[in-house]
Each structure stands twice: as C-alpha cells, then as structure tokens.
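Below is one structure, written out as structure tokens, with a few remarks after it.
Quick note on labels: first sequence line is chain A, next is B, and so on, each numbered from 1. Keep in mind that what you see is a predicted model, and the values were worked out from it rather than measured.
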There are 2 protein chains.
Amino acid sequence: MTTPAPEGYDPHAYAPFAVTVDLAVFTVREARLHVLLVERGQEPFRGRWALPGGFLLPRESADDAARRELAEETGLGPDTVGALHLEQLRTYTGPDRDPRMRVVSVAYAALLPDLPEPRGGGDAASARWWEADAAGPLAFDHDTILADARDRIGAKLEYSCLATAFCPAEFTLGELQQVYETVWGVELDRPNFRRKVLSAPDFVQPVGGPPRRTGARGKPAALYRAGDATALHPPLLRPPRTDATPSATEGHDR
Amino acid sequence: MTTPAPEGYDPHAYAPFAVTVDLAVFTVREARLHVLLVERGQEPFRGRWALPGGFLLPRESADDAARRELAEETGLGPDTVGALHLEQLRTYTGPDRDPRMRVVSVAYAALLPDLPEPRGGGDAASARWWEADAAGPLAFDHDTILADARDRIGAKLEYSCLATAFCPAEFTLGELQQVYETVWGVELDRPNFRRKVLSAPDFVQPVGGPPRRTGARGKPAALYRAGDATALHPPLLRPPRTDATPSATEGHDR
DNA sequence: CTTTTTTATAGTCACTCTGACTATAAAGGG
DNA sequence: CCCTTTATAGTCAGAGTGACTATAAAAAAG
C-alpha cells in the first residue's frame with residue numbers, strides 16, 4: 001500500500017475509516033444449517049438481527065478481534081475459541097453500508113460443532129441460533145455477507161477437510177456425511193461417501209475403543225477424529241445441481 | 001458489524017484506521033510469471049519495490065479504488081481496466097505492518113494479458129514488470145501478499161475459467177496451456193490438455209475465420225475466445241507435485 | 001520441388017474413479 | 001424370535017485421466 005506516499009504524511013490528511021469484523025458463525029443442528037445472530041439494541045436497524053461483530057481495538061489484528069468478539073458473543077472459553085476454524089471471507093467496503101459513518105468490515109466465517117445455546121454474555125443482549133434459511137432480512141449488508149459465507153463454506157467442503165470443524169472431536173462417518181448433506185442441500189449415497197472419505201489420505205483417522213452408544217437404533221458406528229490433512233485429495237465434488245446455481249464467488253463488493 | 005454499538009456514537013471514540021488497497025498484478029510473458037511492482041520514492045522502505053496501491057478515497061469502494069490505482073499505475077484506459085479480472089484476495093490487518101500509522105490493506109489480484117511496458121503515469125515514478133520468482137524482498141508485508149496471491153491464482157486455475165484472463169481476446173490452446181504451465185510450474189501433456197479444455201462446457205469457444213499467422217513454425221493453431229462459463233466442470237486439477245507443497249491457503253494474517 | 005522439422009490435432013488404451021446398486025452385519029423394538 | 005434400522009462390504013458399468021502413438025499442416029532446409 002501507500003505507494004504514492006504523501007509528503008508530510010499527516011495521518012489526518014487521509015480519510016479515516018472505522019474498521020470492524022463481522023462473523024458468520026455456523027453450526028449444524030438437527031440436519032439444518034444454523035447461524036448465530038444477535039439482535040440490535042439501537043439505531044440504526046434497532047430490533048433487526050445482525051451478524052455478531054465489533055470494532056477493532058487500536059492494536060489488534062482482525063483475526064484477534066474476530067476471536068475476541070466470538071468469545072464475547074458465545075461465552076465460549078478462550079481455549080475453544082482459539083482452536084476453532086476461523087476463516088477470513090472478504091472485506092466489505094461500500095461507502096454507504098453503514099448510514100452513520102464510513103465503516104469497512106472484514107468478514108469471517110466460523111464453524112462450530114453443535115453446542116448448547118449461547119450465553120448472551122458480554123454486550124450481546126440476545127444472541128441465538130437461527131436456521132440459516134430462515135434468517136430474515138438482516139441489518140446493514142449482512143444478508144450479502146451471510147450468502148457469501150454460505151457459498152464459501154459449501155465450496156470449501158469440496159477440496160478441504162473443513163467439514164470436521166462442524167463435528168465434535170470424535171464423530172461417526174454418518175455425522176460427517178450429515179454435514180455435507182446439510183451444507184450442500186443434497187443427499188449423498190452412504191457407501192460411496194464412506195469410500196471417498198476413507199480413501200482420502202489423513203482426512204479422518206479411526207479411533208480405537210468401543211463405539212459410542214447413544215440411544216441410537218441400528219448397528220453402532222465406528223468413531224473417527226479429524227486427521228492431519230487440511231486439503232482433500234482427491235476433492236469431494238458435490239453432485240451437479242439440476243437447477244443451475246451460479247457459483248456467486250465473483251463480483252459484488254457491498 | 002457494530003453490534004455492540006456505542007451510545008452517543010461519536011466516530012472519534014473509535015480508533016480510526018487508514019485503509020488502502022494493494023494490487024498483485026500478474027501477467028505471463030516469455031513463459032514466466034511476472035508481477036507489476038513500483039519503486040518507493042520515500043521512507044519507509046525508500047528504494048524498495050512494492051506492490052502498487054494507495055489510499056481509499058472518502059466515498060470510494062475498495063473495488064473502485066483498486067481499478068483507479070491500477071489505471072494510474074499502468075496507464076491503461078478505463079475501458080481496459082474496467083473489463084479485466086480483479087479479485088479481492090484478503091485483508092491484511094497486522095497492527096505493525098506500516099511503521100508510520102495503523103493501516104489495514106485490502107489486497108487484490110489482477111490478471112492481464114502480456115502488454116507493453118507500463119507507462120509510469122500518475123504518481124508511480126517507476127513501475128515495471130518483475131519476474132515473480134525474482135521479486136526481491138518487498139516493502140511492508142508485500143512478500144506475504146504476493147505469495148498469497150500466487151497461491152490463490154494457482155488454485156483458482158483449477159476450478160475456474162480464470163486462465164483466459166491472462167490471454168488476449170483471441171488465443172490458441174497452446175497459449176492457454178502456457179498459462180497453466182507457467183503459473184503451476186509444471187509441464188502438461190498437450191493432447192490431454194486440449195481434450196479437457198474442449199470438453200469443459202463454455203470454457204472456450206472456437207472463433208471462425210483463418211488462424212492467426214505470426215512467424216510461427218509449425219501448423220497454425222485454431223483460435224478461441226473465452227466462453228461464458230466462469231466455473232470449470234469438471235475441474236482441471238494440477239498434477240500432484242512430488243515435493244509436498246502445503247496449500248498455504250490458511251492461517252496467517254500479516 | 002522434395003525432404004525435414006515443427007507444431008497442431010486426432011486417436012488409442014489401460015487404469016482409476018465414480019455413481020448406482022446389492023448384500024451382509026450388528027444393534028434395538030415388538 | 002422376527003422385523004426394522006443403521007453401518008459396512010462388495011459389485012459393476014461408465015466416465016475421466018495419463019501416457020502414448022499417429023496424422024495433418026505449415027515453414028525451413030536441401
């Protein structure tokens with residue numbers, strides 16, 4: 001940056017911006033994709049739901065700010081928040097995206113296993129999970145951010161090992177498949193899914209010991225934990241949708 | 001953003017940041033990947049090379065700023081700049097990335113066909129193409145940005161139709177293959193490459209008329225232009241490198 | 001003008017991967 | 001004890017891929 005650097009270099013000669021982070025926090029519960037939203041307590045968009053987020057502190061990176069805000073909104077311990085998958089999505093810079101002032105926002109996507117209801121700790125008076133499809137019109141440009149985040153997550157499931165971030169430490173292949181089916185909105189063939197996951201090196205590793213027994217019906221499933229790989233070879237391509245879905249990875253800025 | 005919104009909402013109560021865009025502008029010339037760099041005229045990093053870029057104007061989006069800066073640095077007409085492929089990479093927010101002040105930078109990658117030397121118009125006194133592998137230590141965190149940009153471009157060639165952005169309006173399959181080989185740093189089998197490109201729907205369309213005749217040696221190649229597709233089905237996966245290359249898509253923020 | 005060289009394009013073939021499907025195993029419920 | 005449910009194993013045809021060979025169309029060499 002700053003290539004055509006100014007002479008005296010007075011910081012106030014350049015337009016100051018407020019910088020925030022916005023978080024699209026996803027989980028899969030009851031076979032549906034959920035997103036964490038908070039209700040706004042004041043204008044603008046008072047009473048509307050919004051993605052959690054907040055301002056960067058003066059000496060804080062956006063990654064740090066995202067983890068801090070996430071801990072505040074969810075009440076998760078810093079150990080949990082420090083370990084979870086957090087991915088920078090893109091930055092939204094439309095000049096009118098906040099009616100009060102010029103704000104650029106660095107958006108993140110975070111993936112969580114199914115957890116108990118968030119404790120509305122910190123400043124978020126009311127935070128709760130919403131089914132992603134039912135997330136009404138949100139404040140600011142958060143509908144756009146949410147849609148971009150869903151697209152990105154869906155795409156990354158294909159060629160990364162991201163899906164395990166939705167699962168608890170130990171999980172069955174059925175649970176992992178449920179993640180794919182929920183995010184993609186398709187049904188997958190179980191033996192084929194199994195074959196592909198197990199043939200991808202280091203995607204999952206079997207965990208010894210007896211299978212977990214919840215009040216489930218059929219044959220108990222073997223447990224796995226996430227492997228060391230981060231990329232998926234070969235990729236797990238989602239079946240082509242009959243209705244042409246434009247990939248929507250391109251173009252818009254606000 | 002701004003969920004825990006303040007009461008009186010004084011903009012100066014929140015840390016102001018300067019916001020810039022940085023551009024990693026790539027082209028393929030003589031079978032090598034090149035990147036556009038500018039030499040810094042003042043401190044810090046005086047005399048070092050850097051990615052072109054600059055500050056956002058008060059009512060300008062980052063996309064607009066990127067196109068404006070690109071036009072200024074390259075001397076390209078607004079029509080050309082308006083049409084080229086510009087992709088937001090990620091935003092760099094390390095608190096110490098600029099020693100003078102707090103600057104967050106939205107990084108973009110841009111792809112150009114091989115063009116004559118940039119006219120150092122605008123404020124960039126000296127802008128020139130550097131071979132990407134020979135781009136020495138750059139100013140600020142631009143080495144990181146450049147490396148991230150190369151990773152991203154290489155990955156996107158696999159599953160998008162991005163490669164045509166490196167080619168002129170009409171190109172041969174050999175030229176398109178050269179783009180893949182240069183960016184990936186591998187050699188590809190020509191008949192197989194041809195088969196895959198032509199079988200991908202709407203990746204390229206043949207252009208009628210006589211083949212272009214430069215002083216080339218062998219049988220003249222048919223010309224194609226970019227098709228309507230933006231995504232590539234099936235993807236054109238790069239051959240697995242013998243030396244394990246970590247995908248480097250994850251993690252670092254500055 | 002013929003031959004050689006060079007590049008583009010067509011075609012082959014074995015192997016792998018994939019999707020669709022069937023079969024068996026291990027649990028719980030009646 | 002049989003039936004239902006879920007997990008896991010296996011099968012098979014077709015698509016896709018990598019490695020390779022063959023032919024076509026140009027320019028350069030002789």
Side-chain angles (χ1 to χ4, degrees), chain A residues 30-31 157-159 167 170-181 184 186-201 203-225 231-242, chain B residues 30-31 157-159 167 170-181 184 186-201 203-225 231-242:
Chain A
E30 291 159 19
L157 288 196
E158 293 193 325
Y159 54 92
C167 297
E170 299 190 342
F171 52 89
T172 68
L173 293 188
E175 290 166 340
L176 188 64
Q177 180 175 349
Q178 187 65 252
V179 168
Y180 277 89
E181 293 180 332
W184 287 348
V186 297
E187 291 214 335
L188 302 175
D189 178 83
R190 201 186 283 263
N192 290 343
F193 179 83
R194 173 188 196 78
R195 189 212 305 158
K196 287 173 114 170
V197 168
L198 293 182
S199 70
F203 185 12
V204 298
Q205 6 181 274
V207 53
R212 179 209 310 163
R213 283 286 53 191
T214 67
R217 288 284 304 241
K219 171 176 173 178
L223 289 176
Y224 296 83
R225 59 169 54 98
L232 207 50
H233 283 293
L236 228 160
L237 299 179
R238 80 186 101 179
R241 300 197 58 114
T242 51
Chain B
E30 292 159 18
L157 287 196
E158 292 194 327
Y159 54 91
C167 297
E170 298 189 344
F171 53 87
T172 68
L173 293 187
E175 290 167 339
L176 187 65
Q177 182 176 348
Q178 186 66 251
V179 168
Y180 277 89
E181 293 181 332
W184 286 348
V186 297
E187 291 213 337
L188 302 175
D189 178 82
R190 201 187 283 263
N192 289 341
F193 179 81
R194 172 187 196 77
R195 188 212 306 157
K196 286 172 114 169
V197 168
L198 293 182
S199 72
F203 186 11
V204 297
Q205 3 180 276
V207 53
R212 180 207 309 163
R213 282 288 52 190
T214 67
R217 288 282 303 237
K219 170 175 174 177
L223 290 177
Y224 297 83
R225 60 168 54 97
L232 207 49
H233 284 294
L236 226 160
L237 299 179
R238 82 185 101 181
R241 301 197 59 115
T242 51

Touch class at under 4.0 angstrom, heavy-atom based, for A:R194 against every strand present: sugar-phosphate
Touch class at under 4.0 angstrom, heavy-atom based, for B:P239 against every strand present: nothing
Nucleotide range of DNA chain D lying under 4.0 Å from chain A heavy atoms: D:dT5 to D:dT11
Donor-acceptor contact present, side-chain B:Y224 to main-chain B:L173, <3.5 Å: no
Donor-acceptor pair, side chain of A:E175 and main chain of A:C167, under 3.5 angstrom: no
Spacing between A:F193 atom CZ and C:dC17 atom P, to the nearest angstrom: 18 Å
Nearest-Å distance for atom pair NZ/C1', residues B:K219 and C:dT4: 18 Å
Trace of the side chain to side chain contact (heavy atoms under 4.5 Å, CB included) decision for B:K196 with B:F203: CA-CA 10 Å; B:K196 286 172 114 169; B:F203 186 11; over 6 Å; no
Nearest-nucleotide comparison on DNA chain D, the residue closer to the 5′ end among B:P234 and B:R217: B:P234
Contact under 4.0 Å: A:K196 side-chain N or O vs C:dG19 OP1/OP2: yes
CD on A:E181 to CZ on A:R238, rounded to 0.5 Å: 14.0 Å
5′-ward residue of the pair B:N192/B:T172 relative to DNA chain C: B:T172
Side chain to side chain, B:T172 and B:P220, heavy atoms closer than 4.5 Å: no
Minimum-distance pair of heavy atoms, taken over all atoms of A:V207 and A:E170: CG2-OE2, 3.4 Å
